[in-house]
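In what follows, a single structure is set out as structure tokens and then discussed.
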Amino acid sequence: MVMVVVAVVAAAQGQEETTGFVTWGNNYYQTWGHQALVINKTSELQLTLDKNSGSGFESQLIYGSGYFNVRIKAPQTTSTGDITSFYLISRSSRHDELCFQILGKNGPPYLLNTNMYLYGEGGKDQRFRLWFDPTKDYHSYSFLWNPNQLVFYVDDTPIRVYSKNPDVYYPSVQTMFLMGSVQNGSIIDPKQMPYIAKFQASKIEGCKTEFMGIDKCTDPKFWWNRKQLSSKEKTLYLNARKTYLDYDYCSDRQRYPKVPQECGSYT
């Protein structure tokens, strides 16, 4: 898989508490692959997938906690091979990662895969049937990441909640970057290329820090570190799990004969 890396610049980046709308501007750089296209006066970034290459972006800022929201419009295609992703990821040999993956699909229901890497160990997939067409309009995909809880949101509906448990690893020791990409997951139709994934400027509220500076981001002065699910969010969460959950690795005894230890940390 081939990727372009692009820098994201957030408003108020000089503040410790970064609060503002992401603007792409001219602050991106090409590593290899396709160059990203910035349009609409910095508010939208387009990533391209063709037979030669995929593309992606990475934040210039490093975070230690926060609420991260990006609006995405997935490529319009009947191919099942393209994957549009948005994730938080650390830089280490035993990395942490939180990931949304919008999977290409020839018609509804469209599938959204979520995954986590905890200290380098992945394979923690939970997959959902989306209740909308992600190729027709923009929809919000968000992470709430604080010292006690991880929440995956789709359009303000929590779909996955992972809580800190003293008996298992929790991603609170490594700083992370914001990233996104469109790439080839399997077979794609060259007749429909190029595929265009659109990422819209959105509000990012996070604790900006240095690579080894996560400790300063645990302070409860940041609203996201105090955030708990409201009664309404809990209801939405339970309904989403009951209605739209398509696959949960914690229930897959063929793949995991023994229930993974961290499965007890899901709310």
Side-chain angles (χ1 to χ4, degrees), residues 1-8 18 31-33 54 56-68 70 83-101 112-127 141-153 159-181 183-185 204 206-219 222 224-225 247-267:
M1 292 180 288
V2 185
M3 183 179 296
V4 176
V5 179
V6 184
V8 178
T18 302
T31 54
W32 38 272
F57 67 81
E58 176 184 306
S59 66
Q60 187 177 36
L61 301 179
I62 306 171
Y63 298 96
S65 63
Y67 177 79
F68 307 91
V70 169
I83 300 175
T84 304
S85 303
F86 167 50
Y87 43 108
L88 290 173
I89 187 169
S90 66
R91 289 282 179 78
S92 73
S93 59
R94 303 283 256 168
H95 78 286
D96 294 334
E97 180 181 325
L98 315 176
C99 185
F100 286 108
Q101 296 175 310
L112 174 73
N113 191 60
T114 65
N115 194 6
M116 298 196 308
Y117 279 76
L118 301 177
Y119 199 57
E121 183 181 290
K124 305 180 190 307
D125 301 274
Q126 293 185 357
R127 188 168 58 240
Y141 303 86
S142 311
F143 299 112
L144 172 71
W145 171 41
N146 66 38
N148 299 300
Q149 186 174 240
L150 298 171
V151 184
F152 292 63
Y153 288 90
I159 62 170
R160 182 171 184 168
V161 179
Y162 183 77
S163 300
K164 187 172 184 178
N165 183 324
D167 296 326
V168 296
Y169 180 83
Y170 182 84
S172 59
V173 297
Q174 301 187 62
T175 55
M176 292 202 269
F177 297 81
L178 187 69
M179 300 183 71
S181 67
Q183 52 196 326
N184 178 7
I204 300 295
C207 173
K208 185 188 72 170
T209 187
E210 298 77 37
F211 185 74
M212 299 295 291
I214 198 170
D215 289 347
K216 75 176 187 180
C217 294
T218 62
D219 199 307
F222 300 120
W224 53 84
N225 286 343
Y247 171 83
D248 183 356
Y249 78 102
C250 288
S251 301
D252 191 342
R253 294 288 70 78
Q254 183 175 355
R255 187 179 182 187
Y256 297 103
K258 182 179 179 181
V259 178
Q261 186 179 17
E262 76 278 357
C263 288
S265 298
Y266 291 107
T267 301

Which heavy atom in Leu150 sits nearest to a heavy atom in Trp145, and how many Å separate them? CD2-CD1, 3.1 Å
For the CG atom of Asn113 and the OH atom of Tyr247, what is their distance to the nearest 0.5 Å? 9.0 Å
Determine the minimum heavy-atom distance between Ser90 and Met176, stating which atoms define it. N-CG, 3.7 Å
To the closest 0.5 Å, what do you measure between OG (Ser59) and CZ (Phe68)? 8.0 Å
Is there a side-chain contact between Thr218 and Ser172 in this structure, where contact means two heavy atoms from C-beta onward sitting under 4.5 Å apart? no
Do Glu262 and Met116 come within less than 4.5 Å of each other through their side chains, counting heavy atoms only? no
Please report the closest heavy-atom contact between Asn165 and Ser265, naming both atoms and the distance. CB-OG, 3.1 Å
Between Phe86 and Phe100, how do the two ring planes meet: parallel, tilted or perpendicular, split at 30° and 60°? parallel
So, are Arg94 and Glu121 salt-bridged, with charged N and O less than 4.0 Å apart? no
Centroid-centroid distance, Tyr153 to Phe143, less than 6.0 Å: no
Do Thr209 and Ile214 have side chains that approach each other closer than 4.5 Å (heavy atoms only, starting at C-beta)? no
Minimal heavy-atom distance between Gly123 and Tyr256, with the atoms involved, is O-OH, 2.8 Å
Minimum heavy-atom distance between Tyr67 and Ser142, given as atom pair plus value: OH-OG, 3.2 Å
At their closest point, which heavy atom of Gln254 faces which heavy atom of Pro257, and how far apart are they? O-CD, 4.3 Å
For residues 248-260, the salt bridge (charged side-chain N to carboxylate O under 4.0 Å, His left out) pairs (sequence neighbours left out) are Asp125-Arg255, Arg241-Asp248
Is a donor on one side and an acceptor on the other found under 3.5 Å between the side chain of Asp96 and the backbone of Tyr119? yes
Separation of Asn225 CG from Cys207 SG (nearest 0.5 Å): 8.0 Å
Roughly how far apart are Gln126 CD and Cys250 SG, rounded to 0.5 Å? 6.0 Å
Passing candidate, side chain to side chain donor-acceptor pair (under 3.5 Å) with Thr114, options Gln101, Arg127, Arg160: Arg160
Beyond-backbone contact of Gln149 with Tyr162, side-chain heavy atoms, under 4.5 angstrom: no
Between CG on residue Asp219 and CG on residue Asn146, distance to nearest 0.5 Å: 12.5 Å
Go through Thr175 and Tyr63 one step at a time and tell me if the side-chain hydrogen bond (donor to acceptor under 3.5 Å, both in side chains) criterion holds. CA-CA 6 Å; Thr175 55; Tyr63 298 96; over 6 Å; no
Is the shortest side-chain N to carboxylate O distance from Glu97 to Lys124 below 4.0 Å? no
Is Ile159 close to Leu112 at the side-chain level, that is, under 4.5 Å between some pair of heavy atoms? yes
Are the side chains of Phe177 and Leu88 in touch, meaning some heavy atoms are under 4.5 Å apart? no
What class does the angle between the rings of Tyr249 and Tyr266 fall in, given that below 30° is parallel, 30 to 60° is tilted and above 60° is perpendicular? perpendicular
Measure the shortest side-chain to side-chain distance between Ser92 and Gln174 over non-hydrogen atoms and say whether it is less than 4.5 angstrom. yes
Within a strict 4.5 Å, meaning less than it, do heavy atoms of the Ser181 and Tyr87 side chains meet? yes
